[in-house]
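Below you'll find the structure, written out as structure tokens, and then a few comments.
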Amino acid sequence: MLFSRMFIPTMKEDPKEAEVVSHRLMLRAGFIKKLSSGIYTWLPLGLRCLRKVERIVREEMDGKAAQEILMPSVQPKELWVESGRWDLYGKELLRFRDRNDRELCLAPTHEEVITDLVRKEVRSYRELPLILYQIQTKFRDEIRPRFGVMRSREFIMKDAYSFDTDEQGAEKSYMAMFDAYTNIFGRCGLRFRAVEADTGEIGGKFSHEFMVLADTGEDVIISCEECGYAANLERAEVGRAGAPSDKTGGSYSRVRTPGKKRVEEVAAFLNVAPHDLVKTLIFTTDRGTVGVLVAGDREVNPVKLKNMLAFKFVELADEAAIEQATGGPLGFSGPIGLDIPLYADNDLLSMSAFVVGGNERDVHVVGVERDDFKVEGHYDLKVARAGDVCPRCGGRLTATRGIEVGHIFKLGTKYSEAMNAVFLDPEGKDRPMVMGCYGIGVGRTVAAAIEQNHDENGMALPFAIAPFEVEVLPVNTSHAESMEIAGSLYRALLAHGVDTILDDRDERPGVKFKDCDLIGIPLRVTIGERGLKEGKVDIKTRNDKEPVRVPKEEVLERVMEHVNAAKSR
RNA sequence: CGGGACGUAGCUCAGCAUGGUAGAGCACAGCGUUCGGGACGCUGGGGCCGCUGGUUCAAGUCCAGUCGUCCCGACCA
């Protein structure tokens, strides 16, 4: 490809709309262009990068006997009603009507359509297992799209779905996908980690998220260096710490804490540490109003609360509900004398002489022991943080940031039962298929790669996904010998199957160097009069400061060494 | 959804408090000088000042509405 003929609108200045590095660089390097909030056009360079990721994804999917299909992105309401998600999915599901007033939606995911497809076509256990996948544009009407293609409304996703006859088969499919994902992100040249995750609205048994490690990531990964336990923050468990307290209660007293609502305010006022307080959070759930107790310096993890105690939904109560349940205003809730089910975090087991709310304006209770009130039980309900005890091995947990690029779920029979996707087993009996679903944010993977691989000059993309592998850069296009050598090297590299761009523009060298660095081409060959005086040209990798000067006769061979080394990694 | 800000050239922004011929730098075109890390000079093209309405002799500037974009928050006890 000739640089001069390619549509590469690079920018010298930072567009003000971009906050994070990947977004800024993708705009500056001419990878993407915004059309509307959360909606982007992929320009030639960005698309090349995207296609390279897609290609790796296809190869690894095909390697696990998954078969590619392409499903519609406009889908009828009926299927979503059948799965129960027409009502469950909130405003993120973009709905509209056609000319016949039929209700439709723009697909945020494809479980419904795939389940419909497979239930109509697959009859027998002999046709299973089956794994189908697609690479499709999805639409989720995000509350707040941001960070460019990292969190956009329209985005490109690879989604795969597995159908098995039983749990064991489903597990095998799951492991195959786990394996494929590990290969995919590895081949993309990314540093990543697979972590245990919550299944959320998609539902199902268990799941893993594949997180690209980057300080700018939106997600927090909790992990244990000692045993390898890793989970996202929503899901991360915390082991118990501290010996149980055996103090008996009855000696608490009520104190006035005028206007002190926040934990820090109360703690400072009473001259105790925040950890000596117990917060009583009132939740509205499908089983009525409940209270949750955690230490003052901790937060309740609503996802764990929901899963641990098998609620269908949990939501923090509003002020009216709090007053109704506790008799006191927001900020002064406490467990003593409260007539709703109370669930305590494990921390409370070892706490003694703590402070709670008095269920009355400006009143707290001090010197409380845990037998001063009754709880339904003690559970792991708090948000994990660095320094907590590992739930598996008792080691220390650490926190890292990451970007979620892949997510795999074991769905079980949730959709197959709801939508009657059954097969005939060898005994001639109908059984629901056991499903799994597996997603990769392809566009987001590109952004994550940039987030993880850049410097002050621009992107430094991994070889496997860079828009070009090599740039041939003649310093002076009007110098005949330079152009001749550049041209023949360019053609030779193309003939060797190397993805090469020739910067044939009549620009000053500085401009060409800057552009080359900005768009992150891993390998650059500079051909200039200065080197040619000694019969040499310069080879420089994106990540090295200084070029290596090699005889012009050897340049093809030397470049191929680099290319082959990069390809075999 | 709540709060904040911003919409002026392709990009970054000035002009607006006090209404009176639409500006700079970068980018773009031509010419010349340059040429191994975003050159310089001269010349030139480019604007429904987001949109609609209002006030006024006169609106980029004042007022109202509207649309768009960005940021922050949406776990507080």
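By convention in this document, chain letters (A, B, ...) are assigned in the order of the sequence lines, proteins followed by strands, and residues within each chain are numbered from 1. Just so it is clear, the values below take in all heavy atoms, side chains as well, and ignore hydrogens, waters and symmetry mates.
- Listed by residue number, the members of residues 262-273 of chain A with any heavy atom below 4.0 angstrom from RNA chain B are A:Arg262, A:Val263.
- Applying a 4.0 Å cut-off to non-hydrogen atoms, the residues of residues 504-518 of chain A that approach RNA chain B are A:Arg508, A:Pro509, A:Gly510, A:Val511, A:Phe513, A:Lys514, A:Asp515, A:Asp517, A:Leu518, listed by residue number.
- At the heavy-atom level, A:Gly296 lies nowhere under 4.0 Å from the strands shown.
- A:Phe332 meets the ring-ring contact (aromatic ring centres under 6.0 Å, His included) test with A:His364; sequence neighbours excluded.
- In this structure, A:Glu17 reaches the sugar-phosphate backbone alone: every heavy-atom distance under 4.0 Å involves primed, P, OP1 or OP2 atoms, never a base.
- For the contact set between residues 323-351 of chain A and RNA chain B, defined by any heavy atom under 4.0 Å, the members are A:Leu330, A:Gly331, A:Phe332, A:Ser333.
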Pairs under 3.5 angstrom only: tabulate donor-acceptor contacts from the side chains of residues 4-12 of chain A to other protein residues two or more places apart or in another chain.
| unit_1 | atom_1 | unit_2 | atom_2 | d |
| --- | --- | --- | --- | --- |
| A:Ser4 | OG | A:Asp504 | OD1 | 3.0 |
| A:Ser4 | OG | A:Asp504 | OD2 | 2.6 |
| A:Thr10 | OG1 | A:Asp515 | OD1 | 3.2 |

- Task: Take A:Arg140 and A:Glu142 through the test salt bridge (charged side-chain N to carboxylate O under 4.0 Å, His left out) and record every step on the way to the result.
- Result: CA-CA 6 Å; A:Arg140 291 182 194 164; A:Glu142 292 275 347; 5.8 Å; no
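- Contacts of A:Gly528 with the nucleic acid, taken as non-hydrogen atoms under 4.0 Å apart, include base atoms.
- For A:Ser37, whose side chain is taken as the heavy atoms from C-beta onward, the closest listed nucleotide among B:rG36, B:rU69, B:rC72 is B:rU69.
- For the pair A:His364 NE2 and B:rA77 C1', the computed distance is 8 Å after rounding to whole Å.
- In this model, a side-chain donor or acceptor of A:Arg524 finds a partner on the base of B:rG37 within 3.5 Å.
- Within a 6.0 Å sphere centred on OH of A:Tyr379, other residues, nucleotides and ligands contribute more than 12 heavy atoms.
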Pairs under 3.5 Å (N/O, protein and nucleotides 4-9 of chain B):
none

